[in-house]
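Everything below concerns the one structure shown next.
FYI, the numbering just counts along the sequence from 1.
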Amino acid sequence: MLAVLIAANLVYAFVSRRHRDKDYASIGIRIKTWWGMFFIFCLATLFTPAVSLVSLMILCFFALKEYFSMIRGTRKADRRLFLWAYLAIPVQFYWIYTGWYGMFIVFIPLYVFLVLPIPRLMGKGTFGFLRSVSSTQWGLMLMVFGLSHLAYFQFATPEFGGGLVLFLVVLTQLNDVIHTVVSLYFGKRKVVPTANPNLTWEGFVCALLATTGASLALAPYLTPFGPGAAAWFGVLLALAGFFGSLTVSVLKRDLLVGDEDKASTLKKSYLSQIDSLTYTAPVFFHVVRYFFDFM
């Protein structure tokens with residue numbers, strides 16, 4: 001992985017200087033994110049899985065914080081709601097630490113969903129109630145519940161957990177990069193041009209093929225999957241990553257409409273680098289748990 005990261009840095013430096021007419025900023029930011037992931041993986045492998053648990057909890061906090069910063073017209077009652085949402089993060093990760101799968105899987109979708117409107121009601125305001133509560137719940141589902149599945153692999157299967165997380169993250173990031181690069185050079189037919197002009201059907205097809213091939217190559221070293229399961233998971237992660245990136249792009253477009261300055265700033269945010277993982281992490285986790293006995 002260290003060799004791959006060094007090679008990626010060299011290729012990025014060479015291509016970005018040679019083709020100054022194209023915007024490679026998102027790829028450069030993503031490579032910096034990879035170095036952070038690599039450092040955390042090393043610490044978790046050498047010392048304790050709790051390192052990755054705490055790191056992912058912090059990541060969820062910053063992702064949720066950036067999501068809340070996109071919500072316009074917040075009032076005092078909304079800020080109280082956001083505080084309660086932040087408090088749900090350590091509780092969710094506590095269930096992971098204790099290995100209580102039943103509570104982990106229902107805490108945010110059920111209990112937080114039912115309790116979250118209470119602080120908004122205490123604000124004695126009815127105007128904008130549905131918008132503020134529903135947007136907060138959406139943020140918790142994607143940025144906390146979805147991403148928290150990454151932390152549970154180590155506790156659900158200590159033997160294969162680290163390899164499965166690495167397998168998932170590498171394929172998701174590879175899928176995003178291939179999609180971006182192919183769309184940049186060869187993309188003609190845009191999927192949703194109003195939300196994300198960087199997503200094209202040509203990029204989707206190439207990313208699907210590349211992710212499936214990488215899954216077949218990496219599965220024997222990182223997972224207990226056979227060739228058939230590896231190919232299937234490659235296709236599944238490519239599809240889930242595509243829909244995750246597309247969903248978050250549309251979500252950001254809806255929240256930031258009319259605020260172009262903030263939209264350009266958030267292109268370099270944490271959220272833009274992990275949008276696909278909000279979908280691939282829970283999908284991969286539950287499919288593996290359902291079909292394989294080792295989880």
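- A 6.0 Å sphere centred on OH of Y12 holds more than 12 heavy atoms belonging to other residues, nucleotides or ligands.
- L53 and A151 get closest at one heavy-atom pair: CD1-CB, 3.7 Å.
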Practice task
Go through the steps for M295 and T157 under the test side chain to side chain contact (heavy atoms under 4.5 Å, CB included), then give the verdict.
Solution key: CA-CA 5 Å; M295 280 188 62; T157 170; 3.5 Å; yes

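- A distance of 12.5 Å separates CZ in F62 from OG in S69, rounded to the nearest 0.5 Å.
- In this structure, CD in Q92 is found 13.5 Å from CG in L87, a value given to the nearest 0.5 Å.
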Exercise for the section: Could you check C60 against M143 for side chain to side chain contact (heavy atoms under 4.5 Å, CB included), going step by step and ending with a plain yes or no? Expected result: CA-CA 6 Å; C60 288; M143 313 310 158; 5.9 Å; no

Handout entry: salt bridge (charged side-chain N to carboxylate O under 4.0 Å, His left out) between E202 and K188, intermediate numbers included
Key = CA-CA 7 Å; E202 292 84 357; K188 301 292 183 184; over 6 Å; no

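- Remark: side-chain polar atoms of H286 are not paired, donor with acceptor, to backbone N or O of A281 under 3.5 angstrom.
- Cluster annotation: F186 and V181 are assigned to the same hydrophobic cluster (Ile/Leu/Val/Met/Phe/Trp/Tyr, side-chain heavy-atom contacts under 4.5 Å, transitive).
- Counting heavy atoms from C-beta outward, D275 and D176 have side chains that approach closer than 4.5 Å.
- Using cut-offs of 30° and 60° on the angle between ring planes, the pair Y152 and F155 is tilted.
- Atom CZ of F113 sits in a sparse spot, with 12 or fewer heavy atoms from other residues, nucleotides or ligands closer than 6.0 Å.
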Practice task
Please assess I118 against V115 for the test side chain to side chain contact (heavy atoms under 4.5 Å, CB included), listing each intermediate value before the final yes or no.
Solution key: CA-CA 6 Å; I118 295 176; V115 173; 4.2 Å; yes

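- The 12-atom threshold is exceeded at CZ of F294, counting heavy atoms of other residues, nucleotides or ligands nearer than 6.0 Å.
- A single hydrophobic cluster is seen to contain both L164 and V169, as judged by linkage of ILVMFWY side chains at heavy-atom distances under 4.5 Å, directly or through other members.
- Q173 approaches L277 most closely through the heavy-atom pair NE2-CD1, 4.2 Å.
- Panel note: side chain T247, backbone G244; no donor-acceptor pair is recorded below 3.5 Å.
- Atom OH of Y185 has more than 12 neighbouring heavy atoms from other residues, nucleotides or ligands inside a 6.0 Å radius.
- The two atoms that bring A214 and L171 nearest to each other are CB-CD2, 3.6 Å, heavy atoms only.
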Practice task
Go through the steps for L168 and T280 under the test side chain to side chain contact (heavy atoms under 4.5 Å, CB included), then give the verdict.
Solution key: CA-CA 8 Å; L168 167 64; T280 58; 3.8 Å; yes

Problem - Worked check of ring-ring contact (aromatic ring centres under 6.0 Å, His included) between F233 and F167 - result: CA-CA 10 Å; F233 276 120; F167 179 77; 7.2 Å; no

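- No side-chain heavy atom of F204 sits under 4.5 Å from any side-chain heavy atom of V191.
- One finds the CG atom of L64 at 10.0 Å from the CG atom of L142 (value rounded to the nearest 0.5 Å).
- With rounding to the nearest 0.5 Å, the separation of CG in L83 from CZ in F68 is 10.0 Å.
- Using a 30° and 60° split on the angle between ring planes, W35 and F38 fall in the perpendicular class, above 60°.
- Within the 4.5 Å cutoff, no side-chain heavy atoms of N175 are placed close to those of L237.
- Between the side chain of Y67 and the backbone N or O of S135 there is at least one donor-acceptor pair closer than 3.5 Å.
- A donor atom on one side chain and an acceptor atom on the other are not found under 3.5 Å apart for T172 and S276.
- Linking ILVMFWY residues whenever their side-chain heavy atoms come closer than 4.5 Å, directly or via other members, places I58 and I274 in the same cluster.
- In this structure, S245 contributes its side chain and G241 its backbone to no donor-acceptor pair below 3.5 Å.
- Listed for the S215 side chain is no donor-acceptor partner under 3.5 Å among the backbone atoms of T211.
- Aromatic rings from F284 and H149 are positioned such that their centres are separated by 6.0 Å or more.
- No side-chain heavy atom of K190 sits under 4.5 Å from any side-chain heavy atom of W201.
- With a 4.5 Å cut-off on side-chain heavy atoms, F61 and M57 do not count as touching.
- Counting only heavy atoms from C-beta outward, the side chains of L56 and F93 approach each other to under 4.5 Å.
- A single hydrophobic cluster is seen to contain both I31 and L10, as judged by linkage of ILVMFWY side chains at heavy-atom distances under 4.5 Å, directly or through other members.
- Judged by distance alone, with hydrogens and angles left aside, the side-chain atoms of S183 form no donor-acceptor pair with the main-chain N or O of T180 at under 3.5 Å.
- By the criterion of side-chain heavy atoms lying less than 4.5 angstrom apart, applied directly or through intervening Ile, Leu, Val, Met, Phe, Trp or Tyr residues, L216 is not grouped with L209; the two fall into different hydrophobic clusters.
- Here the side chains of S55 and V51 are in contact, with some heavy-atom distance below 4.5 Å.
- Residues V112 and I108 approach most closely at CB-O, 3.6 Å, considering heavy atoms.
- Pairing each heavy atom of L114 with each of P117, the nearest pair is O-CD, 3.4 Å.
- Side-chain rings of Y279 and F242 stay apart, their centers remaining 6.0 Å or farther from each other.
- Note that the CG atom of L251 and the CE atom of M70 stand 6.0 Å from one another [nearest 0.5 Å].
- Note that the CG atom of L110 and the CE atom of M103 stand 9.0 Å from one another [nearest 0.5 Å].
- Closest approach of P119 and L116 over heavy atoms only: CD-O, 3.0 Å.
- F225 and F292 have tilted rings, their planes meeting at an angle from 30° to 60° on a 0 to 90° scale.
- In this structure, the side chains of T278 and F145 stay at 4.5 Å or more apart for every pair of heavy atoms.
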